[in-house]
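What follows is a set of notes on a single structure, which appears directly below.
Only heavy atoms go into these numbers, but all of them, side chains included; no hydrogens, no water, no symmetry mates.
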Amino acid sequence: MKCRQPGCTGTIVDGYCDVCGMPGNATTMPVGRGVPGRKPSATASGPCRQPGCSGQIVDGYCDTCGMPPDSALAPSSSSVTKASVQLGSTALGSARATSFGVRPTRRPQSPSRLRMGRIGQGLTVVPPAPAVDPAKAVMANAELPEDKRICPNCGAHVGRSRDDAAGRSDGFCPQCGAPYSFSPKLAAGDLVAGQYEVVGPLAHGGMGWVYLARDKNVSDRWVVLKGLLNTGDADTLKATLSEQQFLAQVEHPLIVEIYNFVSHENNGYIVMEYVGGRSLKQLLKQRMEANGGSYDPLPVDQALAFLIEILPAFSYLHDLGLLYCDFKPDNVIQVGDSLKLIDLGGVRRITDDESAIYGTVGYQAPEVATAGASIASDIFTVGRTLMVLCAEVPGYQTEFEFTTPPADQLPAFAQNDSLYRLLLKCCAPDPHDRFDSAEDLRVQMLGVLREVVATRTGSTATTSVSSPLFEAPTVSGDRFEWQQLPQLRPDPADPQAAWVASLEADPVQRLGDLLRPPEVTTGVLLARCLAALETGNQRVLEQAVNTLLTDDPWEWRAVWMAGLGALLRGDNTTALSSFNAVYGQLPGELAPKLALAVACELAGQTDVAERLYRSCAATDANYVTPAGFGLARLRAARGDLAGSLSALELVPQTSRGYQESQKLKAEHLIRLGDDAAHLDEALRVLQHARLDERSQLGFESAIYERALQLANTGAVRLGTTSYTAGNLRDRLETGYRRLAQLSADPAERAQLVDRANAVRVWSLL
């Protein structure tokens, strides 16, 4: 019986495939250990459902964007690094776990449900790579540089020049005596396995020479033969044989295709698809050459776009229970406007604890040497690649081999705080502190890309993208309350999600029910936190937060709730620390940035608050109104009238806060203005504010009060009318008496009459 796995040509023997190793009754790809169990359909077909993608679903994945058929669209200027990164953060993750005196293993989170596909995601433009003539890519002088010659047995330097004698490409290690050979094993014209005619060497990779050849059995198509580094190296031989076993099941449009595995003169070769583009490392070299030999990193938006595009390949491998292990700029090839992940020599099974692990210094995670590879170590390599693409880091393989340099040493990261937060989380020293999956990383990276592109243009956002984690903010006025911040979306995967959704709307009744649930789950505890906030019950809130964090020190949603509670009781320092911690966990989400901006504003960190507000306003239309009001408050507090007015101009006419913004404009013009022109502008604003009579009279009275102060030195011109002090007193008296008539409060009414009497013009009648 033939194997039922997509793309596998094996046969079921004793219940298992003799090629891919899957059981005969399996109809889906295996899910990797520690990876949430999304299983793409192996039989789905038809057009891709991703917005803007014209591909077709083939063997369970789109042949263009690489996403499975059940995907959904993922959610979506100044530096804030100096201030926000240096702010205090609530202990979360490994730091919190250690404080308990224990080292719990991180619980798997709910699977990310949103996947996307294409370079740039329509947010930015990445220049296509020019086509490469395969024949011209062959090396003229196939010799491995001496500084790359390392003994495969003990790691000593071999084959080095001495005095006037050139180093030998083949020989024996002077330290351990093991043989080494760095000479190409194939020459032009060699026919491998009676099918592949060698054209010449293309490059020397981590596991040996790579050759260009023609497949004489398939229309002379170009193929690549990847050989062993050294036939005497048992680890390399074992890795290659393992590669033959499981790479037969790897079929993804973002991953180089493996055609065959053949032997020739006692050497093994993997036959794979020829990808005729340029690697990201070659792109960096080209930019350096064009820059006169000085390092010229990629623009941040392009670097993010490349990694966002290639991350579905990692998700695919992880879903198969495989790890890539050796990700770096060398192993991503750009072909026109598409990418390919090449060099699968380091790929291994997640459950493999015995095979040699292949990685590159400067990219490999620190725990790999002792704990082995994992999804978290793959995430680390993506973060290191991002760092190298965006900045020149001379010590990334030495001084900073496992650590991240300070932001001020990385200009691109110093200018983009969210980018630096993303890097810190990818490359966290503790693997439990990194992103849960490649999909989680991709969603956050996409959010960072949106922010980077938006803040670069400096314009106000006109579009919005729904977040899978937060509702949109509800701020519609200048007065800020915790309820106006984005609220957490319930997790539909929680076992008690339906029960929580069925509870009464009254917060007191709801809190009582939540204290007696059928089962205590994370969703129940979070709902209990919200009900405690709504009823002002800080004791219940604190208990629920502590329970959540004791159960899972990485539960950022508990810290979010703690931050809201701190805002409610006026503890601005704790609120700042809490929201800063959540920002570090979700660098691509705007909700933590808006919350942190509010906390910074209240705590006196006004520079940080302003930058965060500006970033929110530029990135998403749902955040323009709260950010506009926040900026106006900050600028008005420091007496910046022009700045506060420009901030209020951000609030669109379609916003529920537009009328409030017009009232604030008039208020700021009256309070901060220093001449009649500002008062005249306030009157014009009020004409379009659509205020009720009482509010209109109140503002007009304030304007005439201020104008009366100016009239002491002469007439004041408002609009087309010139007012004397007497005219203004008459207008004020009339206004105050009408306001008194409209007031329902006897004390206020009496006060308004007194004010009318105080400003009236005295006469003898």
Side-chain angles (χ1 to χ4, degrees), residues 36 75 90-93 96-97 104 106-114 436 440 443 466-474 481-569 571 574-575 577-586 589-592 594-596 599:
T90 299
L92 190 59
R96 189 175 190 90
R106 186 172 184 178
R107 293 189 312 170
Q109 301 293 311
S110 298
S112 298
R113 301 183 301 278
L114 309 177
D436 287 336
D440 289 338
V443 169
S466 177
S467 165
L469 303 175
F470 292 93
E471 304 282 356
T474 59
E481 298 177 350
W482 70 266
Q483 297 96 327
Q484 297 172 335
L485 282 175
Q487 297 299 304
L488 292 173
R489 291 186 185 274
D491 182 1
D494 188 271
Q496 293 299 313
W499 178 80
V500 171
S502 69
L503 297 179
E504 295 290 336
D506 178 68
V508 175
Q509 178 64 43
R510 191 167 71 255
L511 180 58
D513 293 337
L514 287 165
L515 291 173
R516 300 180 297 274
E519 177 188 0
V520 177
T521 64
T522 298
V524 167
L525 290 171
L526 289 171
R528 188 181 297 174
C529 287
L530 181 59
L533 283 165
E534 293 173 335
T535 57
N537 194 325
Q538 291 280 350
R539 180 183 61 82
V540 171
L541 172 64
E542 183 178 356
Q543 289 175 346
V545 166
N546 288 338
T547 300
L548 285 164
L549 289 173
T550 300
D551 185 44
D552 181 5
W554 286 267
E555 184 52 83
W556 60 265
R557 292 174 294 182
V559 178
W560 173 264
M561 290 297 189
L564 295 179
L567 282 182
L568 179 62
R569 64 177 181 270
D571 184 356
T574 299
S577 177
S578 298
F579 295 136
N580 198 36
V582 177
Y583 178 14
Q585 297 299 303
L586 305 170
E589 290 287 340
L590 287 179
L594 179 62
L596 181 58

Practice prompt. Flag yes if more than 12 heavy atoms outside Glu504 fall under 6.0 Å of its CD atom; otherwise flag no.
Written response: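 Not more than 12 within 6.0 Å, no.
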Worksheet item: Is the number of heavy atoms from other residues, nucleotides or ligands under 6.0 Å of Glu542 CD greater than 12?
Response: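 Incorrect, the count does not exceed 12.
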For [Y], is there any backbone N or O sitting under 3.5 Å from a side-chain donor or acceptor partner on [X]?
X	Y	answer
Glu519	Pro517	no
Arg557	Leu548	no
Arg510	Leu503	no

Minimum heavy-atom separation for [X] to [Y], with atom names?
X	Y	result
Gly565	Gln538	O-NE2, 3.1 Å
Ser577	Thr90	OG-N, 2.7 Å
Leu92	Pro553	CD1-O, 3.2 Å
Pro492	Ala497	O-CB, 4.0 Å
Ala575	Ala566	N-CB, 3.5 Å
Pro486	Trp560	O-CZ2, 3.2 Å

Between atom [atom1] of [X] and atom [atom2] of [Y], what is the distance when rounded to the nearest 0.5 Å?
X	Y	atom1	atom2	value
Thr535	Leu533	OG1	CG	8.0 Å
Glu555	Thr550	CD	OG1	12.0 Å
Leu568	Glu534	CG	CD	11.0 Å
Phe579	Leu564	CZ	CG	4.5 Å
Leu488	Trp556	CG	CH2	5.5 Å
Leu541	Leu525	CG	CG	11.5 Å

Practice prompt. Begin from the C-alpha positions of Ser467 and Glu589 and carry the test side-chain hydrogen bond (donor to acceptor under 3.5 Å, both in side chains) through to its verdict.
Written response: CA-CA 8 Å; Ser467 165; Glu589 290 287 340; 2.9 Å; yes
Below 4.5 Å, heavy atoms only, C-beta onward: do [X] and [Y] meet side chain to side chain?
X	Y	value
Leu485	Leu567	yes
Trp499	Leu514	yes
Pro473	Leu594	yes
Asp491	Thr522	no
Val540	Arg528	yes

Practice prompt. Test Leu586 against Phe470 for side-chain contact (heavy atoms from CB on, under 4.5 Å), laying out the working first.
Written response: CA-CA 11 Å; Leu586 305 170; Phe470 292 93; 3.9 Å; yes
Discussion item. Working note: Ser466 + Arg489, criterion side-chain hydrogen bond (donor to acceptor under 3.5 Å, both in side chains); need CA distance, chi angles, decisive distance, verdict.
Written reply: CA-CA 11 Å; Ser466 177; Arg489 291 186 185 274; 3.1 Å; yes
Item to complete: Applying side-chain contact (heavy atoms from CB on, under 4.5 Å), run through Leu526 and Met561 and close with a yes or a no.
Response: CA-CA 8 Å; Leu526 289 171; Met561 290 297 189; 4.3 Å; yes
